[in-house]
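First the structure, in the form of structure tokens, and then the observations on it.
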Amino acid sequence: MMKCLLCNTTLAFDFSWRWFFSFRAFETVPLCEKCHQKFVAIAEKTSCPGCGRKQKQRKLCQDCLRWRKLQTELLYNKAFYVYAEPNMRAYFEAYKFQGDYRLRQIFVKTLQDHCKKYLHRGWLVVVIPVDEQTLAARGFDQVVGFLPDIPKKMYLYHLKKFDRCPQSHKSRQERLATPQPFGYCGPADLERKNILLVDDIYTTGSTLYHARELLLAHNCGCVRSVTLAR
Ligand SMILES: [Zn+2]
Ligand SMILES: [Zn+2]
């Protein structure tokens with residue numbers, strides 16, 4: 001019997017058997033309908049096209065209007081759920097901070113289906129990494145955990161605090177206000193390949209825009225992003 005990962009209710013019989021025989025454990029979601037509905041989904045037609053934030057209408061939010069002044073192009077982030085509500089916060093608390101690795105399964109299908117659409121069009125999927133210390137403490141990378149079947153590129157790594165040099169690339173880097181947190185370890189030339197960045201939460205956008213700076217510096221094509229929550 002398959003049980004809801006959040007409330008432990010037994011899920012419908014055929015559901016669990018379909019899961020059992022699918023050989024692809026992540027095709028179905030181990031979550032009951034009641035728990036699923038507790039998360040606040042973001043409808044695309046009423047979200048900010050820049051960051052995916054839930055709004056009343058589809059227009060750029062204040063944050064994205066600011067980003068647009070600094071960036072030549074927005075990331076057009078896709079976000080699935082609202083972060084600033086108790087259920088999603090509790091989810092991340094349990095998954096990331098208490099380290100319940102099983103909980104990744106709830107959103108694997110959502111994120112993988114989105115990535116697959118891009119992979120089919122020849123895009124690369126690049127993951128925003130967690131820093132070494134967090135990885136050691138948590139034992140897993142929460143974004144990698146969401147993408148078990150996706151060919152992921154780990155082109156970025158966290159610079160150690162003392163290695164970060166805010167003065168290294170003046171121009172646009174400086175305009176991002178915070179120092180570049182990442183180093184780059186991908187191919188020297190990305191040959192204009194388009195890239196989908198994946199992260200768990202879009203907060204200010206600066207992590208993702210910093211990541212894009214590095215990819216652009218290595219000759220990538222277009223960069224878009226997707227996050228589970230915004
Ligand atoms: Zn449930
Ligand atoms: Zn926005």
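Remember, it's 1-based here, ligands and their atoms both numbered in the order they're listed.
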Notebook entry, point to check: Less than 4.5 Å apart, any side-chain heavy atom of Glu73 and any of Arg224?
Noted result: yes
Next item on the list: Give a yes-or-no answer on whether the side chains of Asp199 and Ser225 include a donor-acceptor pair shorter than 3.5 Å.
Entry: no
Note to self: Do Ser206 and Trp67 have side chains that approach each other closer than 4.5 Å (heavy atoms only, starting at C-beta)?
What the structure shows: yes
Notebook entry, point to check: For Lys96, does the NZ atom have more than 12 heavy-atom neighbours from other residues, nucleotides or ligands under 6.0 Å away?
Noted result: yes
Check: Any idea which heavy atoms bring Arg104 and Phe146 closest together, and the distance?
Finding: O-CD2, 3.6 Å
Notebook entry, point to check: So, do Lys56 and Thr46 sit near enough that their side-chain heavy atoms are less than 4.5 Å apart?
Noted result: no
Margin query: Are Asp200 and Tyr95 packed together at the side-chain level, in the sense that at least one heavy-atom pair is separated by less than 4.5 angstrom?
Written below: no
Check: Is the Phe92 to Tyr83 ring centre distance short of 6.0 Å?
Finding: yes
Checklist line | Atoms named by residue and atom, protein N, O or S, within reach of the Zn ion (ligand 1) (under 2.8 Å) | finding: Cys4 SG, Cys7 SG, Cys32 SG, Cys35 SG
Next item on the list: Flag yes if more than 12 heavy atoms outside Glu93 fall under 6.0 Å of its CD atom; otherwise flag no.
Entry: yes
Next item on the list: Quick one: name the protein N/O/S atoms under 2.8 Å from the Zn ion (ligand 2), chain by chain.
Entry: Cys48 SG, Cys51 SG, Cys61 SG, Cys64 SG
